[in-house]
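First comes the structure, then the notes that go with it.
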2 protein chains.
Amino acid sequence: MAARRTSTKEPNAAGSPVSMADLARELGVSMTTISRALSDHHSIGPATKQAVLRLAKKLNYQPNHLAAALRKGKSKLLGVIVPYIEGRFFASVVHGIETAASKAGFSVIICQSGEDVAHERKNIETLLSAQVAGILVSVSLTTQDFRHFEKVRKHGVPLVFFDRLVEGDNVNAVVLNDREGGYLATRHLLEQGCRRVAHFAGMQHLNIYKNRRQGYLDALQSYDIAPDESLIMDCNMSLESGANCMAALLDLPNPPDAVFSAGDSAVLGALQLLKSRGIRVPQDIALAGFSNEALTQVAEPMLTSVDQRCEEMGQAAFRLFTELVAAEGTAFSQRQVVLQPQLFVRASSLRQDTV
Amino acid sequence: MAARRTSTKEPNAAGSPVSMADLARELGVSMTTISRALSDHHSIGPATKQAVLRLAKKLNYQPNHLAAALRKGKSKLLGVIVPYIEGRFFASVVHGIETAASKAGFSVIICQSGEDVAHERKNIETLLSAQVAGILVSVSLTTQDFRHFEKVRKHGVPLVFFDRLVEGDNVNAVVLNDREGGYLATRHLLEQGCRRVAHFAGMQHLNIYKNRRQGYLDALQSYDIAPDESLIMDCNMSLESGANCMAALLDLPNPPDAVFSAGDSAVLGALQLLKSRGIRVPQDIALAGFSNEALTQVAEPMLTSVDQRCEEMGQAAFRLFTELVAAEGTAFSQRQVVLQPQLFVRASSLRQDTV
DNA sequence: TTGTAAGCGTTATCAT
DNA sequence: ATGATAACGCTTACAA
């Protein structure tokens, strides 16, 4: 046991990391053997394997993913870009992604674009430099130019959009059937006997808001009701915006008897305004929102809303990524996964006691 | 322009990444020059530098952070471990961290422990393997054994705790002054004339809940009120738990006239139960919570609550990390950053019209 | 079953 | 101001 320090390089000192070379030297075998033992290669003696594993544990060996990734040309890092991480929707989607990813051995790098294209472009650069295995993104509100996404494709990095898309259909994406969601909510209001249903519409260049509005129109049509442009309000989905839109609608010569909002905060704003004016919900005006945020169950009356399956969306996005990786060489058929929305009916829209 | 394909290696084909070697070959200079030009080294001719940068842009050169990190032994990755990412608090802290980190050129790897130590241990392994430059963590509820954090220290990786700590003070941490928060809320209830203030207490092995409770006791003492054990309820901070605790308190021979809850959901549960029984808030029972969640402003009446400065906490945690890096060689003095809580007084606790 | 050695893309040391 | 070359820690043909 005196014959230790015989190697050319000094063994690791105090805080320095222990590498495969260290294990090899200590055990008197080659690095190949170490590598094989650790990666559970088939051609490896069970005895040596045990010895390697034991020593690795004893010396607190920590594999260096960076080095492996560099050599293999493939990392176990996954890039995710969201406009911001706060708020139930994106947080839940990220939760879903991270859970699925970590199960498959991937680590998630999170980036926020802050609803700013410039930032989004920088995020892409960063992720490509980090050599991520794939990028999952929900585009910012201000994204109109898509060259930075082209770049990702050029680098051969799998790209999956979720919820918010870029224009054009030749992309891989996981989306909610927003149109169906808009239809379900509006149809429900009509079934409750409402006949002048207003709509708080979001920015129409975003697929999600465009589709929710379309679903609203579909529902009206199914009841043979001609859409009334004065009932369709431009809304940025904030609480204040919702209150303002509601106030404007009340000033109409012929106000609505229901509102379907493309977002929950706005419908809460409307509710607060209505209550402040002594207008009853749902008796005088029925309300329905979109996103099924936590606040819908705190408001009084509780708010009817369309659930976006946030977590499933995250899982689906990751699964689509893995499918893209698997289909690497294959003919590149773009895939779209569409999730079905679910309407949660609550007091804000229930005019009749009939279930 | 015909004399291109003269190199030993084929230039990059379609989707293959372009490396420094490619730039060097194309420009007829050495890799060293390329590296220097790109990293803005001082000894580099302005003309060559321009040429390199131009070519890099033209060929869409993307630096490989992995290779750089491997060589330098220092990555630009930062590991963050939270129990879960949903919910205003952690999402906001992560937001704060990511914003500060990306400004400083760091990418954030997000991990969720799911309130499970085993997962937390795995997260640590993953992050160490990813060669992160530092780890920021808020421990899981079930963490009682701290050896995995010791390992981080052994690997020489800076470690910063935020909000939830491990026992012992020889750690770097950013925390809220929870005791002060508990004091402020309780004191406020006392100032409103309440004399039997109950407390929904969280799990006492967690620093945050222990401190909030201590602040509650401090406030009682400042009013010379002896604590009544029957008014201190064990609560897991869920909506249901809050309702149950409230119900139990109402069954007391001498019920409370106020409740300070260590969490917001629980106080909402209490509010709902009180309303269902026709007990007025705040006239009969005043309420105050902790965290200043969004729901506090949706509930009716709006809920008084202690704000946790989530975003500042994230920023501070990142700043502490950078300070640790800067003080690498220096004597390792552990640092604790303490943030001051802020009480938001709302209708649920306002018995008097006096401001 | 095990060993040798080349190479991933970068940076750093030493020359020139 | 620029170049040649070794090294970071790992994987993987190719040999033995």
Side-chain angles (χ1 to χ4, degrees), chain A residues 7-12 16-52 56 59-77 128-133 155-156, chain B residues 8-12 16-52 56 59-77 128-131 133 155-156:
Chain A
S7 53
T8 51
K9 285 184 187 176
E10 277 298 301
N12 63 315
S16 84
V18 35
S19 72
M20 285 192 174
D22 296 321
L23 300 182
R25 197 180 326 108
E26 194 80 9
L27 231 58
V29 298
S30 79
M31 275 183 56
T32 314
T33 304
I34 304 292
S35 175
R36 283 179 176 142
L38 293 174
S39 54
D40 209 32
H41 194 274
H42 62 274
S43 69
I44 184 80
T48 32
K49 181 163 137 188
Q50 281 313 310
V52 171
L59 296 193
N60 243 299
Y61 168 74
Q62 200 71 40
N64 185 331
H65 284 2
L66 255 55
L70 176 61
R71 174 60 230 255
K72 295 202 282 198
K74 269 297 163 199
S75 82
K76 280 291 201 175
L77 296 173
L128 288 178
S129 279
Q131 308 295 116
V132 293
H155 279 257
Chain B
T8 51
K9 284 186 188 176
E10 277 299 301
N12 61 316
S16 85
V18 37
S19 72
M20 286 191 174
D22 297 320
L23 301 182
R25 198 182 324 108
E26 194 79 11
L27 230 59
V29 299
S30 78
M31 276 180 52
T32 311
T33 303
I34 303 292
S35 176
R36 282 178 178 143
L38 292 174
S39 53
D40 208 33
H41 193 275
H42 64 273
S43 68
I44 183 79
T48 33
K49 182 163 137 189
Q50 282 312 311
V52 170
L59 295 192
N60 242 299
Y61 167 75
Q62 201 70 41
N64 186 331
H65 284 2
L66 255 56
L70 175 60
R71 176 59 231 252
K72 295 201 280 198
K74 269 297 164 198
S75 82
K76 278 293 200 174
L77 296 173
L128 289 178
S129 280
Q131 307 296 116
H155 279 257

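Lettering of chains follows the sequences in order, A, B, ..., and the numbering in each one begins at 1.
- Summarising the geometry, the separation between NE2 on B:H41 and C1' on C:dC14 is reported as 13 Å, rounded to the nearest angstrom.
- Side-chain contact annotation: B:S39 with B:H41, donor-acceptor N/O pair under 3.5 Å absent.
- In this structure, B:H42 places its NE2 atom 13 Å from C1' of C:dA12, rounding to the nearest Å.
- Partners of A:L70 under the side chain to side chain contact (heavy atoms under 4.5 Å, CB included) rule, at least two apart in sequence or in another chain, are B:N64, B:A67, B:L70.
- Side-chain N or O atoms of B:S129 include none that pairs as donor or acceptor with a backbone N or O of A:H65 at under 3.5 Å.
- Judged by distance alone, the side chains of A:T32 and A:S35 never bring a donor and an acceptor atom under 3.5 Å apart.
- B:Y61 has a side-chain polar atom (N or O) that falls below the 4.0 Å cut-off from OP1 or OP2 of C:dT10.
- Straight-line distance from the CD1 atom of B:I44 to the C1' atom of D:dT2: 8 Å, rounded to whole Å.
- Residue B:T32 has its side chain nearest to D:dT5 when only D:dC10, C:dG3, D:dT5 are considered.
- Phosphate proximity of C:dG3 to A:S30: present, with a side-chain N or O under 4.0 Å from OP1 or OP2.
- A:M31 has its CE atom 10 Å from the P atom of D:dG9, to the nearest Å.
- Within the 4.0 angstrom heavy-atom criterion, only backbone atoms of the sugar-phosphate kind lie near A:G45; the bases stay farther away.
- What separates CD of A:Q50 from C1' of C:dT1 is a distance of 16 Å, to the nearest Å.
- The CZ atom of B:R25 sits 12 Å away from the P atom of C:dT10 (whole-angstrom rounding).
- Taking both residues in full, the closest heavy atoms of A:L66 and B:A69 are given as CD2-CB, 3.3 Å, listed atom of the first, atom of the second, then distance.
- Using a 4.0 Å heavy-atom cutoff across all strands shown, A:T33 reaches sugar-phosphate atoms only and no base atom.
- Across D:dC10, C:dT1, C:dT4, the shortest atom-to-atom separation from the side chain of A:M20 is found for D:dC10.
- Position along DNA chain C of the nearest nucleotide to B:K72 versus B:R36 favours B:K72 as the more 5'-ward residue.
- Heavy atoms of B:T48 sit under 4.0 angstrom from primed sugar atoms or phosphate atoms, though from no base atom.
- For the pair B:H65 NE2 and D:dG9 C1', the computed distance is 20 Å after rounding to whole Å.
- Atom-to-atom, CG of A:D22 to P of D:dG9 comes out at 8 Å; the value is rounded to the nearest Å.
- Checking B:L70 against B:K49, the closest nucleotide of DNA chain D that is more toward the 5' end is the one next to B:K49.
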